[in-house]
Structure formats: structure tokens, C-alpha cells
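Keep in mind the model is a prediction, meaning the values are calculated, not measured. Quick note on labels: first sequence line is chain A, next is B, and so on, each numbered from 1.
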There are 2 protein chains.
Amino acid sequence: MVTREGRAASVKDVAAAAGVSLGTVSNVLNRPDRVSASTRTRVQEAMAELGFVRNESARQLRAGTSRTLAYVMLDASNPFFTDVAQGIESAAEAADLSLVLCNSGNGAPREEAHLALLQQQRVQGVLVTPVNPESPVLEEVRRRGTPLVIVDRTRDDRSFCSVAVDDRLGGRLAVEHLVDRGHTKVAFIGGPIHLGQVRDRLEGARQAWAAAGLPEDDLVVLATEALDVQEGRNAGQRLSGLPTTRRPTAAFCANDLLALGLLQQAIGSGTRVPEQLAIVGYDDIVFASAAAVPLTSVRQPRQELGRTAAELVLDEATNDAHQHQQVLFTPELVARASTLDG
Amino acid sequence: MVTREGRAASVKDVAAAAGVSLGTVSNVLNRPDRVSASTRTRVQEAMAELGFVRNESARQLRAGTSRTLAYVMLDASNPFFTDVAQGIESAAEAADLSLVLCNSGNGAPREEAHLALLQQQRVQGVLVTPVNPESPVLEEVRRRGTPLVIVDRTRDDRSFCSVAVDDRLGGRLAVEHLVDRGHTKVAFIGGPIHLGQVRDRLEGARQAWAAAGLPEDDLVVLATEALDVQEGRNAGQRLSGLPTTRRPTAAFCANDLLALGLLQQAIGSGTRVPEQLAIVGYDDIVFASAAAVPLTSVRQPRQELGRTAAELVLDEATNDAHQHQQVLFTPELVARASTLDG
DNA sequence: CTGTCTGATTGAAAGGTTTCACTTCAACTC
DNA sequence: GAGTTGAAGTGAAACCTTTCAATCAGACAG
């Protein structure tokens, strides 16, 4: 019956309708075995009749805690982060928690607003890929009692749990691969250069370059303003502008979006990939393998990243003897047509 | 001070620390103008001192409603839906509500679980791109008092607000464009065929085909099992397998993921796009224009879709005289290199 | 028939915030 | 100086659920 008399039905209404006490209704909800079968069905019928929905606020107020985990994503439109979210979700599901996603869209104010709300909601824990991992806001969150784990970033002091992927190693793998294929002049494309990710990948690239005994100046750095497709195209134009003799024969891009932009610009301007320009991306998003020339890329264990982060935050939430730890995953190079001619 | 004595600080603690009554603390929180400046700062200092975080459950319990909107996405890894979510977010922000995202991952049980929890949380309203728009679960949600709007789908009866895009028109636009370019044998690629979207886009395609006076049989339907990249590749192989005389010179794909898969397979097997095979996609996701051969696609006003849906759900939540309405947006063809040679 | 045990049910308290009718007090008016 | 006004602050009630000690009814033993 749709008896909507202003407010929603409460346990009290259900109790009245079923002719039992309010404690019994609660028992039906939480410990059905303690209630006789006949009463139980009577109560359940009353609930259905009245369209009763348990009020989570009241429940939580009493219980003191929610059954929710939250992930504040840096950029919901980057497939990398949605994959991470899927990993988190699988761990949350296993722990019988539900996951809510928030999107900061790379904006610090939005991130702060989301974090404030999540604290107020007393979520069990927060996972976040922060705009700035060094921000004091993160400390504040934990100081106020909400467990927090940093995802795909690390903090210089080791004051938080974090999960990330070894970006230096990733950079090394990419450049070693290119060196193996005989390239002796390579461009690194990425930026802003102050981002931890970009810095580390470049550093790894330089290590591999030096290890191969190649002259430092032949690893050219093209700094970009963002890690998106448009910037990839721009970088491509800058490459095309170079005289042939000084033009790199391969490019290592700090993420796949850049690589896809570069690829597009290259093909559009008649450059053959990989014959004239080999390309390595980073992240191995689903669109990398679906590119017209399937992209060689450095794969990160995205789902596992998420899953592990969720497990850490749960440990922090439930285990008194919790120790912060910084988990570092190992990336893996996936070679495809964009570097493999013939 | 990190005085964590078991439980978090409450208004009562703050009141005691600041030497005021509990009502005053509440006033500082909700009507700061009614409190003298000196008391206000004293209370605020006490809050900072104790690391006070307002308990949203208690607030909501008292207020009866939350300041939250929710969107249950069909597939968080499809950029189309994250763009819709961004539109919703902008409307939510304007109304000073926050948005939580849930992902059903195309699974009915997950969708149901999310909907149940959102009702319990007494969210202001729910937006959902349902696995099955005809599901009785949706009626249940509304019957129990939570406003609900259907996004990017429609229901046959008009019992819900919904926002969608005119898929028949989209199909017509795509095929008209191909006919204009002189194609007389075209493949429609999409499926599962029972999906409303796919059905309507195909129907529009057929209308345009018939209107051009072309023989019905020359619009070939290749049914796929899903709308993803892999199925696009598969479809490409099926096309390649056809004898040249019977092979379509153009393909209209029911979404961009299919189109990208098809494009990849085509280029990989040496088919020149668009000279030997023109391709039209649908959705105009960001990766469409970034494809190696930029994809002609039917653009849907994704952000506006989300924004409008959010406005409708808010109207349903706040306006007693609310009337359900089905908003239908107009798609637009964006012509790019995948159909434009020369 | 008394006493004991068990399972089912009850009723009241607690949890943190907001609201609102009420009190207090200082400043002002005539 | 009696009376009025307004601003500032107070305190109890209400929101809905869960928990737990207490009660009840009936079965059973002695």
C-alpha cells in the first residue's frame, strides 16, 4: 500500500502494524533466528505492506560505524582510474562493504569537499589518489579518525599506507626495450615535470639510457603541460618540426593518452609507425591495444593496485596493531606493433 | 590535540570545552550570524582543538534528508558514462549537493544492492542507467519514496522521468552521411540486438536507407554479442571474410568501442580507411577523435544528458506538482577522416 | 503443585544533532 | 526608574534504530 502520509514508515509503524514490539522488529532485521517463524513472517509482511526501508542514518548513529568504503578518484575519465576502482570494488565486495566513488577531477577544492563529507559520513576508510600527496589535508583526515590510504602515489615521509607501482623500473623497461630494438635517439614525452610519476619514469629512462652507454643528450626530453591526448598531438608536431638528422626514431610517453595523441599525429602526417617512429606508452589502458597501431605500453597491475589498497585500509580500520606500509608493485612491458616492425 | 579517548568528539564535548551550551555550538554550525563573534571564535577553536567532525548520520536523522545525489552507472569503464556523470556533477554542484557514483558493471544484482543502500541512506534522488529499464525494481524504489530518473534509456510506459538521445535520428544521420558519400552497400554492426539502443539505431539506419531508395538487402546487419572493442575486431574479421563483390564499403557501428575495434582490425589487415572501408561510430567518445584515423561519429550531448537528468530528479524531489517527462535530445554527426577521403 | 529452564518478546536507554520555545541581560525610551 | 526591546544563549524534545536486561509463557522435572 502506498500510504505515504508525509513521512516514511519506521520500525515503530511496522511494529504497530504487525502487533509486536519495536524490539521484535529490530530482531527480525538483525537476528531473525531469535524470532518465531510466525511472528517473523507477520513482521515481514507488514514491512512489505508499508514499504519500510531501514533508515541507515539511525542505524549508523547507533552502531557508530558504516559499512562503506570510499575512493576519491583523481580523474574519472581516465580508464586507468576506473580500473583501479574495479579492483577496490572487488575487495570491498569480499569484505561485504559497499564502495562509493567520488571524483576530484584533479581539483584540490573538490577533493577537500569530498573528503570532508566522507568523514562526516563516518565511512570505514578512504582511498584517495590525491591531487597533491604531500597535502596536509590528508593528515587532518586521519587525525580525525578516518583511515586513509594513498593510491598510485607515494608520500615522501612514510606516514601513510600507500600502494604504487615502481615507476623508475617502468621507465627502465620502456627504454631498455627501445635500446634493444636498436634506437639510439629517443624522446621522452611527459609533464608537468614536477609530477612524481613523470619524474620517476624519466629517471628510470635515464638510468637505462646510461646503462646502455648512450650519450645523455640523445635522450631528448619534451615536456608537456598535461598528460592528455591533445598534448600528445602537440608533442608530435614538435617532433615533426625537427630536422631529420636530429629527430628521434622512438618516443617514450609518460602515459597512454599522450602516446595515442602522438600516434594519431604521426599517422596523420604520414610518419610510419613503427618504421619511422616507434612509440611506447604507459598504463596499458584498454584503448592502447585497440589503437590503429596497437601500442607497446608499460602495464601496471591496476586492479591489484586497487585491491591491495582496499585491504590496507581495512587493516588500518580494524587492526589495532596496524603498521603503515608502502607497497610497490612491479610493472611489465607489453610489446606490440608500435615498436615491433616486421 | 589528538586526544582520541575511544570515541570522536561530539557537539557536547565541544560545548563543554568552549564553556557554552550545546545549542550554541549547533548555532555556530548552522546559523553563525546568530552567535556573537567572540563566542563563535571560541567555539571554533574548541572544534579545531578536539578535531570535531559533524556526525552526518545524526544530522540526517534529525533533518530527515541528506544533501546527496547518486548515479548508478552501467559501466564505469565506458567513457560515455563518465562524461554523463560529469554533467550530473555540475548540476549537483550548482544545487549544493554532492554526488556519489556507484557502478553496477552491467550486473542486475549489483545494481539492486546499490539501489537498496542508497534508499537506506535517504539520498535526495537516484539517477540510474539500468541494466533493464523495465525492471520492477525501479518502481519499488520510487514507491518507497526515493525519486528516480532513468538516464540514457527509456521505459515503454512513461512512468518515470527519463533523458535519452534520439537514437533513431542518430541512426538516420549516420546512414544519410554514408549515402551522401556514395556508399551503396553498408554494414550495420551492433548487438545484442534486443537492446533498445541498438534496435533504435538500426531502425533509424533502415529508415534512411529506404528513404534513399536503396535495396533493403544492401544494408547488411552484423550482430555482435557485446558493445566492446573485441567484438569490433571480430566483426572486422567477418567483413574481411566476405568476397569483394559482396563486401560493404562502409560500416555503421552502434558505438565507438565497436568502431575502434573494427578500425584496428581493418588497418591491421591492410584495409585502407576510408578508401576501402568507411567507418561511422556512435557516442563520439574522446578516443574517437584520437584514433589513428579519426573517427566519424554520432555525438550525443553527454554532459547535458547528465545535467538535465539531475535537474529532473531534483524537481521530482522538491516540487509537489512534479510531472514526469521524457526528454529526448538530438544527436549530431561529427564527420572526420574515417569517412572523408581526400 | 512448586520450581526450574528455555525460548520468545518487551521496554527503555543510548547514540549526536537540530530545532524551538524560552530565559537572561544589557541597552534604550520616556 | 519603570518598562520595553533585541540580541545572545539555553535546554529539552525529537529523529529512528539497536541493544540488553528484564519479563513472560509454557514445558518439564521432581
Side-chain angles (χ1 to χ4, degrees), chain A residues 5-44 46-47 50-67 116-117 119-123 144-146, chain B residues 5-44 46-47 50-68 116-117 119-123 144-145:
Chain A
E5 317 103 347
R7 55 180 195 69
S10 74
V11 273
K12 202 189 282 183
D13 302 323
V14 174
V20 297
S21 83
L22 162 167
T24 301
V25 178
S26 178
N27 280 335
V28 170
L29 250 22
N30 302 298
R31 301 176 209 71
D33 49 304
R34 297 216 189 143
V35 180
S36 71
S38 66
T39 322
R40 192 165 55 225
T41 56
R42 199 147 38 91
V43 170
Q44 283 163 341
M47 286 179 174
L50 297 172
F52 170 79
V53 178
R54 187 207 242 127
N55 185 324
E56 178 67 17
S57 299
R59 173 206 222 285
Q60 225 182 94
L61 175 57
R62 183 62 232 235
T65 174
S66 73
R67 302 293 300 160
L117 194 75
Q119 289 175 80
Q120 291 176 12
Q121 292 175 341
R122 301 288 192 273
V123 294
R144 293 180 172 164
T146 305
Chain B
E5 316 105 347
R7 54 182 193 70
S10 74
V11 273
K12 203 189 282 183
D13 301 325
V14 174
V20 298
S21 83
L22 164 167
T24 300
V25 177
S26 179
N27 280 336
V28 170
L29 249 23
N30 303 298
R31 300 175 211 72
D33 48 305
R34 296 213 190 146
V35 181
S36 74
S38 67
T39 323
R40 193 165 55 226
T41 56
R42 198 147 39 90
V43 170
Q44 283 163 342
M47 287 179 173
L50 297 171
F52 169 78
V53 178
R54 189 205 241 129
N55 185 324
E56 178 65 18
S57 298
R59 171 205 225 286
Q60 227 182 89
L61 176 57
R62 182 61 233 233
T65 175
S66 72
R67 302 294 300 158
T68 304
L117 194 75
Q119 289 175 80
Q120 291 176 14
Q121 292 175 340
R122 300 286 191 274
V123 294
R144 293 181 173 164

Kindly say whether Val28(A) contributes a backbone atom to a donor-acceptor pair with the side chain of Arg31(A) at under 3.5 angstrom?
no

Between dG9(D), dC16(D), dT10(C), which nucleotide gets closest to the side-chain atoms of Thr24(A)?
dT10(C)

Where the side chain of Ser21(B) is defined as all heavy atoms beyond and including C-beta, which of dG11(D), dA8(D), dT17(C) is the nearest nucleotide?
dG11(D)

Hey, does the side chain of Thr39(A) come within less than 4.0 Å of dA8(C)'s phosphate (OP1/OP2), counting only N and O?
no

Arg62(A) has its side chain closest, among dT10(D), dA14(C), dT9(C), to dA14(C)

Whole angstrom value for the distance that separates C1' of dT18(D) from CG of Asn27(A):
9 Å

Report the distance from atom CD of Gln120(B) to atom C1' of dC16(D), rounded to the nearest whole Å.
13 Å

For the residue pair Gln60(B) and Ser57(A), what are the closest heavy atoms and their distance?
OE1-OG, 2.8 Å

Nearest-nucleotide comparison on DNA chain C, the residue closer to the 5′ end among Lys12(B) and Asp33(A)
Asp33(A)

From C-beta outward on Ser10(A), which listed nucleotide comes closest to its side chain: dT18(D), dT17(D), dT17(C)?
dT17(D)

If you check the Leu61(B) side chain, which of dC15(D), dT17(C), dT18(D) turns out closest?
dC15(D)

Euclidean distance, atom CG of residue Leu22(B) to atom C1' of dG15(C) [Å, nearest integer]
13 Å

Check this one for me: any side-chain N or O of Ser26(B) less than 4.0 Å away from OP1 or OP2 of dT18(C)?
yes

